[in-house]
Amino acid sequence: MIIQGLAFYLFAFVAVAAGVMVISSRNPVHSVLFLILAFFNAAGLFVLMGAEFLAMILVIVYVGAVAVLFLFVVMMLDINYVEMREGVLQYLPIGALIGIVLLAELAVIGGSWVVLPLSEAASAMPTPPIDQVTNTNALGRLVYTHYIYLFQAAGLILLVAMIGAIVLTLRDREGVRRQRISDQVDRKVADTIEIVKVVPGSGV
Amino acid sequence: MTEMPIILPAIPEIFLAICGMGLMMVGVFASKERASSLVSILSILVLIVTIFLVVMMNKGEALAFNGLFVTDHFAVYMKLLVLIGSTVALIMSDGFVKRENMDRFEFPILIVFACVGMMMMVSANDLISLYIGLELQSLSLYVLAAMQRDNLRSTEAGLKYFVLGALSSGLLLYGCSMIYGFAGTTSFTTLAAELGGHDGHGSVGVVVGIVFLCAGLAFKISAVPFHMWAPDVYEGAPTPVTAFFAVAPKVAAIALFLRVLMEPFGGLVDEWRQVIIAISIASMLLGAFAAIAQTNIKRLMAYSSIGHVGYALVGIAAGTEAGVRGVLLYMTIYLVMTVGTFACILCMRRNGQMVENIDDLSGLSKTHPKIALALMIFMFSLAGVPPLAGFFGKLYVFLAAIEAELFTLAIIGVLSSVVGSFYYLRIIKIMYFDDERDAFDMPVGRSLSAIMTITSVATVLFFIILTPVLDGASLAAASLFSG
């Protein structure tokens with residue numbers, strides 16, 4: 001138990017520290033790298049809770065895809081980050097005020113936490129017992145059977161997102177060179193290669 | 001090991017989704033010149049078939065997909081409104097997309113997918129299916145708003161709608177998570193059972209969750225104070241898309257509002273009523289006053305729709321069966337009037353260019369007496385002048401509010417509708433008493449003139465069909481309260 005406790009505080013501390021560094025570091029590339037560190041520590045926290053599938057998904061999806069995508073965007077876009085940050089100090093007081101208000105609200109709610117009598121029974125309903133099936137198995141059972149409707153609908157949302165991305169970016173513009181496969185296949189040797197007989201010693 | 005879930009009640013949605021994907025194949029493999037019009041015609045057919053499916057599958061209340069999905073008379077009524085609105089919007093867009101170089105086959109397909117999302121919203125019986133349906137709908141709408149990529153205002157509208165829509169989804173999800181955290185379930189059926197037994201006093205957490213949920217939904221129906229996106233998006237988006245925005249998604253979001261507040265949280269009516277009253281009053285007042293200064297007719301319609309949402313919310317605030325019936329009737333009439341008005345706006349074309357200023361309507365009665373007559377009917381109806389349709393919508397909503405003893409709300413509603421009639425009457429004055437300008441391009445096209453004729457006749461003679469519509473609305477409202 002002590003090791004678990006220590007591991008929890010380690011992961012939690014590093015995750016929070018990395019989160020702070022994400023918004024405070026000067027170099028945006030460093031920000032993304034700290035973000036990846038935060039993701040890794042969150043994955044560690046998941047493992048501690050016994051949710052190993054979610055931990056792996058977090059690493060694969062967020063570190064493997066999302067963070068790398070961020071890194072690409074940060075490095076490819078030429079944005080002057082110093083200029084963007086100039087207003088930060090100016091907006092800090094109002095941001096802090098809103099944060100404090102939200103925190104106070106959360107505290108009020110937390111203080112009056114009343115769990116409705118039926119809710120414990122309701123929340124324990126769909127999950128299979130934790131010691132009999134693995135994480136992956138349990139999630140799979142729920143997602144592909146009980147929640148099949150939501151699974152399919154989420155797929156539909158991704159399809160719409162894909163159509164949207166194509167509709168908004170693929171368009172005919174002047175002066176764009178495109179690959180025309182039929183033209184490439186149609187090319188004959190005679191069109192492209194010219195064989196020149198060169199008499200030795202005379203030059204071309 | 002596990003049984004196949006019941007899917008039969010969801011046949012219309014499944015049919016529409018599969019057809020949407022099939023149409024995409026048609027669009028890809030059809031020749032480039034024909035793809036757009038072919039897919040557009042097929043989409044209209046598919047939507048009409050879905051309307052018949054919805055009517056045929058109407059067998060009272062039925063759950064599907066392990067209780068995530070529900071159909072009842074209420075869902076059927078709202079789905080019919082949504083589908084009819086979308087079909088008409090698609091028919092109206094026909095000439096526009098060709099002229100404005102927007103004829104891509106993805107346009108009707110996105111409308112079809114938005115319809116699937118809206119039908120899922122109307123039939124949601126769980127917080128998660130509510131969110132998924134809403135996102136499917138919103139994502140299609142964001143893309144539709146930005147459809148004219150080379151037009152700066154259209155792109156801006158799409159981006160603005162996307163950013164603010166994402167924010168509102170965040171609020172909504174936060175509310176959902178609060179409700180789940182405090183009630184321990186996302187199912188509407190279980191929530192109704194849990195919260196109903198507390199004689200109107202839920203825990204604070206659930207109430208906070210409901211407030212956030214209401215904020216998220218208020219965003220989608222563009223009620224004040226979450227209305228900022230509406231005028232810009234309405235103005236920037238291509239006109240047929242604006243017509244679509246003004247009818248179908250609004251009806252679907254109102255349906256969602258009704259179901260969420262009446263079914264799972266019906267027991268907490270005293271807790272959420274004040275929120276609804278506040279946004280209702282704010283929407284009615286802003287809709288009435290802010291529209292006065294507008295010069296662009298699409299912006300004017302945006303403010304007008306904000307006002308109308310305020311009136312519909314009066315019926316929701318009543319929280320009674322009569323209130324729900326009033327809202328259903330109101331949305332039906334709103335759909336007819338708005339579709340007709342946008343058909344008139346789509347006729348505003350001069351030298352091949354769309355014109356959108358109210359001044360452009362000047363002297364319309366001399367150049368195009370028929371369009372002027374239709375627009376006058378719609379404006380009188382939107383203002384709520386008896387015996388036109390708009391009057392009956394307001395009448396039943398205000399009656400419900402008075403029955404529920406919300407006198408202040410009803411009085412403010414009547415007063416703001418008096419203020420609101422100023423700008424509707426101003427348009428009529430400009431059309432009939434100002435000097436004439438150059439004529440609009442003719443002909444306007446058969447589909448547009450047909451829609452204008454049908455909707456204006458329906459608006460004038462609404463008192464004849466009032467009884468059957470009211471019966472349908474009563475049946476739908478009753479099904480929401482029987483569970």
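Proteins come first, then strands; the chains are lettered A, B, ... in the order of their sequence lines, and each starts at number 1.
Crowding of F15(B) atom CZ: a count of heavy atoms from other residues, nucleotides or ligands under 6.0 Å exceeding 12. Around the CZ atom of F162(B), the shell of radius 6.0 Å holds no more than 12 heavy atoms that belong to other residues, nucleotides or ligands. Applying the 6.0 Å contact sphere to CD1 of I94(A) captures no more than 12 heavy atoms from other residues, nucleotides or ligands.
Between chain A and the options N66(B), V143(B), I7(B), L191(B), the largest number of non-hydrogen pairs under 4.5 Å is found for N66(B). Note: L136(B) leads L144(B), L136(B), V208(B) in heavy-atom pairs under 4.5 Å with chain A. The most heavy-atom pairs under 4.5 Å with chain A, out of E13(B), M21(B), E135(B), R104(B), come from R104(B).
If you measure heavy-atom distances from L159(A) to chain B, the contacts under 4.5 Å come from the side chain alone. If you measure heavy-atom distances from I163(A) to chain B, the contacts under 4.5 Å come from the side chain alone. Only the side chain of M24(B) comes within contact range of chain A, with at least one heavy atom under 4.5 Å from a heavy atom of that chain. L110(B) touches chain A through its side chain: at least one heavy atom from C-beta onward sits under 4.5 Å away, while N, CA, C and O do not. The parts of L168(A) that come within reach of chain B are both its backbone and its side chain, each placing non-hydrogen atoms under 4.5 angstrom from that chain.
Between Y149(A) and F65(B), the two ring planes are parallel [angle under 30°; tilted spans 30° to 60°].
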**Message:** Let's go through S187(B) and D126(B) carefully: what are the C-alpha distance in whole Å and the side-chain angles of both, what is the deciding distance for side chain to side chain donor-acceptor pair (under 3.5 Å) to 0.1 Å, and is it a yes or a no?
**Reply:** CA-CA 4 Å; S187(B) 158; D126(B) 192 290; 4.8 Å; no

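There is a side-chain donor-acceptor pair under 3.5 Å between N125(B) and T189(B).
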